[in-house]
Each structure stands twice: as structure tokens, then as C-alpha cells.
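Report on the following structure.
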Amino acid sequence: LSTFKFNEPTVDTSNWKTYRNEKSGFGMKHPFDWSLSESVGSVDLSSPELAQLAVSAQAEVPPAEITIREFPNTTAQPVSDFARDFNQGWFENYRAKLYTTVNGKPAVRYDDIGDPIGEYSPALAVFIEDSARNRVVLVTGRLVRDPVSTERTFNEILSTFKFINQ
């Protein structure tokens, strides 16, 4: 299997908003014109295009373009095993699987940009190991805009992701 490394952002993120959640123990930056909403164990990011789609759509639209969720990993499974077993192996059907790191933490990335399983199913998913808190953080991206823009913004946001208080 291949490896993929999230590099520093290639865009200027100085005008991006900074999100930091002390309780959840992570933070990141996101484009200034994106909306962010929180619920227990979840953060949703939505682009202006998604907001416009929600206003004008006749059909159901996804709740967010990028979602970050926390899942307990009380058995301390390696992130590769956790990702493989998650949701009965759902992401194992994706066309690409890469072992990587996010801010120095082991991670597994699944990519289905070219062949989505279902409408608004996550086209990108990254499982990030957080052994300090016995959990795995899952970041997913849905295709709302064109695939190139979606993947670029997903990667840029993920490149700013950091665990805090560790």
C-alpha cells in the first residue's frame, strides 16, 4: 500500500478561521466563509456552495461537506485495524487506501473521489489515531462541489488539524 503525507497548506490560510475545542482536544483552520456547527462528538463544516444548495435544492442535501467525529478506541486497536473494522468494513470498499500521518499521528486515508458508493456518501475519509485519549478521530468529506475543489479543500483543512493538550 502507498503512503500519503499531508504537507503544510499550499494556500495562504492567514485569513482562515481557527477552530479550537479544548474539551475535544483538537483544532484546525477552515475557510473564513465556511460555516461550522458542533454537537456532542462531532464538528460539521459547510461551504457556501452547500448552503446555497440547501436553499435551492428540491432534493435532500448532505448535512455537511466535512465532518469530524470522535470514536472511542478502548481496546487500543491500531488505527489501521480500527479503520478496517469500522462500520462493518464500509470504507474497505473504497478504491484507494493509504497509510499516512496527520500532524505526526498514525492515520489511514480512504479515497473514493472517482467512484462514490452512493449520493453524498463520504468520498474521502481519514481515520486519525489519538492514543493519548483512547480514541480515533474520523474526518470525512462529501462531494458537494467539483471533485478537485473538494479534495483540495479537504486536504488543506486536514493539513491544519492538530491535537491539543497532549
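Everything quoted here is computed from the prediction, not taken from an experiment.
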Can you find a side-chain donor-acceptor pair between [X] and [Y] that sits under 3.5 Å?
{"X": "E65", "Y": "S46", "result": "no"}
{"X": "D44", "Y": "T67", "result": "yes"}
{"X": "T13", "Y": "E156", "result": "no"}

Centroid-centroid distance, F127 to F91, less than 6.0 Å: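 For F127 and F91, the ring centres are under 6.0 Å apart.
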Presence of salt bridge, E151 and R109, under 4.0 angstrom: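 Looking at E151 together with R109, the answer is yes, because their closest N to O distance falls below 4.0 Å.
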R135/E70 salt bridge by N-O under 4.0 Å criterion: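 Here E70 pairs with R135 in a salt bridge, since their nearest N and O are under 4.0 Å apart.
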Heavy-atom distance under 4.5 Å between the side chains of [X] and [Y], does that happen here?
{"X": "V136", "Y": "Q77", "value": "no"}
{"X": "L158", "Y": "I128", "value": "yes"}
{"X": "K162", "Y": "F26", "value": "no"}

Qualifying salt bridge (charged side-chain N to carboxylate O under 4.0 Å, His left out) pairs, either residue in residues 71-85, two or more places apart: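 Listed once each, the pairs are D81-R84.
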Derivation of the side chain to side chain donor-acceptor pair (under 3.5 Å) call for Y19 and N21: CA-CA 7 Å; Y19 171 80; N21 186 314; 2.9 Å; yes
Distance (rounded to the nearest 0.5 Å) between I157 CD1 and I68 CD1: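 The distance works out to 7.5 Å.
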Mutual orientation of the aromatic rings belonging to Y94 and Y110 [parallel < 30°, tilted 30-60°, perpendicular > 60°]: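 Perpendicular: the ring planes of Y94 and Y110 meet at over 60°.
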